[in-house]
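Encoded as structure tokens, the structure appears first; notes follow it.
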Amino acid sequence: MAGRGGSPRGRGSSSGRVRAAPSARGRGQGQGRGSPAGAAPSIRGRGRPLSADEAGAGAWAGARGAPAEEGGSAGADPRPRSSRRARGCGPRPGPGSEQQLRAVLARLSLARRDTVEAAALVNELAARLVQAVKRDISFHEVEKLGAGSYYEHLKISEPDEFDIMLKVPIPRIQLDECDATGAFHYVTFKRHPQKHLDKFLDDDGKLSADTMLLSVRNIIKEEVKNITNMTVTVKRKKPGSPAVTLLIEKPQTQISVDIILALEYRSQSWPRSTQDGLNIDQWLGKKVKQAFKQNPLYLVPKHAKNEKVIKASTWRLSFSHIEKDIIKNHGNTKTCCEYDGVKCCRKECLKLLKYLLEQLKAKHRSRRELDKFFSYHAKTAFFHMCARRPEDKDWQFKDLDRCFHEFLDYFLDCLQKSDLPHFFIPKHNLFSPDLVDMASSNFLSREIKYELNNSFPIFKLEN
DNA sequence: AGAGGCTAGTCGAG
DNA sequence: CTCGACTAGCCTCT
């Protein structure tokens with residue numbers, strides 16, 4: 001649940017209470033949600049899946065249809081808790097399909113040992129950096145917020161990428177859209193300037209994203225010099241990136257940690273460009289939507305590109321906190337996926353699409369067609385798909401194969417039409433031809449169709 | 001800041 | 001396969 005402000009949906013609450021006290025959520029001990037699911041030995045060897053949040057989409061125009069309703073898919077889900085995710089019990093599933101997908105998913109789960117080790121390093125590093133940043137008067141009030149796949153329990157393969165937002169509360173600011181997307185804004189202070197942030201204003205009185213991020217970057221670089229108990233380096237700055245990326249070197253692997261500066265914007269209402277977004281009325285409910293919209297918004301330093309002129313002072317809206325909350329509370333019913341509720345396969349579908357994209361990107365690393373696809377595309381398509389199929393019964397655990405195929409169909413459709421609206425800012429088309437050219441979408445479409453029609457050979461590669 | 005409770009996840013024993 | 005231990009993260013409450 002997102003910030004204390006009030007994440008909607010008090011989840012366990014049996015009452016109709018919508019946003020209040022989550023305290024009543026208590027249910028039994030959170031114990032054994034056993035799921036053996038053939039714990040694959042941590043797969044560290046696997047082809048480094050490119051960078052964190054990326055994944056593409058795939059679309060396919062025609063080939064739909066094939067969703068193989070294969071023989072009654074593995075056992076009916078209704079097995080209560082534990083056994084729920086066990087793969088392939090019950091009648092034999094058709095070749096490939098259900099059982100194959102579950103095997104893939106089992107391989108994608110994070111090995112606990114890796115998670116424990118990575119979390120210890122990352123948490124220690126993050127705590128130090130937060131302290132260091134807080135020492136600067138301008139950033140006195142920063143707070144940490146875990147964002148991205150790892151914190152959404154959607155990280156696959158290895159816990160090697162972490163996104164950590166540093167929230168800077170900024171009251172009374174004004175946002176002005178700076179281009180047609182509705183995502184990028186200029187930030188100015190209303191009325192009184194805020195003394196501790198004045199030094200980040202540019203000549204026009206706009207808050208300069210570049211300057212502010214650079215300031216954080218310098219603090220971090222200094223602090224990193226003092227760290228002796230692990231090997232950490234600060235990666236070279238990428239123009240237009242909202243993050244300071246750190247690398248923790250470990251004997252076998254490295255962990256990348258993105259520190260993302262984020263202005264915390266609380267206001268009566270979200271900006272106009274978001275007005276028709278977050279279409280979850282049928283899925284999570286209007287009250288939930290309303291409650292989400294009471295949450296603050298975040299702005300991350302990110303150049304509005306897409307135009308000849310690069311604007312150094314722009315900020316992009318970020319909804320990571322809401323996305324995280326939706327993913328955690330993804331059901332039409334409150335009890336979806338609770339330990340005594342019914343398990344759905346939504347997250348599994350998303351993991352599979354992310355994996356597919358990662359693998360395709362890795363396979364075609366040397367070409368450029370897939371460079372423009374990111375896991376955020378998969379996530380966005382996922383939200384739309386959930387909104388189109390709002391009911392838990394549309395996502396039963398036993399229907400993984402069908403659900404995944406339908407999800408891919410939808411994704412292919414988006415690619416083919418070059419149309420994937422940002423889930424929160426509907427007029428912002430993430431597949432707009434200026435962002436993703438036709439050659440790229442066609443290439444990805446073709447690759448996905450190929451995988452679809454051949455039982456996903458790319459999932460079998462062991463590399 | 002710290003303690004305690006809870007969830008969602010992995011893993012080991014039988 | 002099932003059970004339950006164990007753990008990270010997150011939340012609430014002093």
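In this text, all values refer to a predicted model and were calculated from it rather than measured experimentally. Convention: sequence-line order gives letters A, B, ...; per-chain numbering from 1.
Side-chain atoms of Tyr298(A) and Glu264(A) form a donor-acceptor pair, as typed in the model, at a separation below 3.5 Å.
Closest to the side chain of Lys324(A), from the set dC10(C), dA8(B), dA5(C), is dC10(C). Closest contact between the side chain of Tyr150(A) and the listed nucleotides dA8(B), dC11(B), dA8(C) involves dA8(C). Considering only the side chain of Arg112(A), dA5(C) comes nearest among dG12(B), dA8(C), dA5(C).
Here Lys347(A) lies in heavy-atom contact (under 4.0 Å) with sugar-phosphate atoms only.
In this structure, the CD atom of Glu152(A) is 14 Å from the C1' atom of dC10(C), given to the nearest Å. If you measure from atom CZ of Arg113(A) to atom P of dT10(B), you get 15 Å, rounded to the nearest angstrom. Taking atom OH of Tyr151(A) as the reference point, atom P of dG9(C) lies 6 Å away to the nearest angstrom.
A cation-pi arrangement is absent between Arg346(A) and Phe407(A), since the terminal nitrogen or guanidinium carbon is not both under 6.0 Å from the aromatic centre and inside a 45° cone about the axis.
Aromatic ring centres of Phe319(A) and His422(A) lie closer together than 6.0 Å.
Of the side-chain N and O atoms in Asn123(A), none sit less than 4.0 angstrom from OP1 or OP2 of dA8(C).
When each of Thr115(A) and Gln131(A) is assigned the nucleotide of DNA chain B with its nearest heavy atom, Gln131(A) is the one assigned upstream, toward the 5' end.
Salt bridge status for Arg402(A) with Asp399(A): present, with a side-chain N to carboxylate O gap under 4.0 Å.
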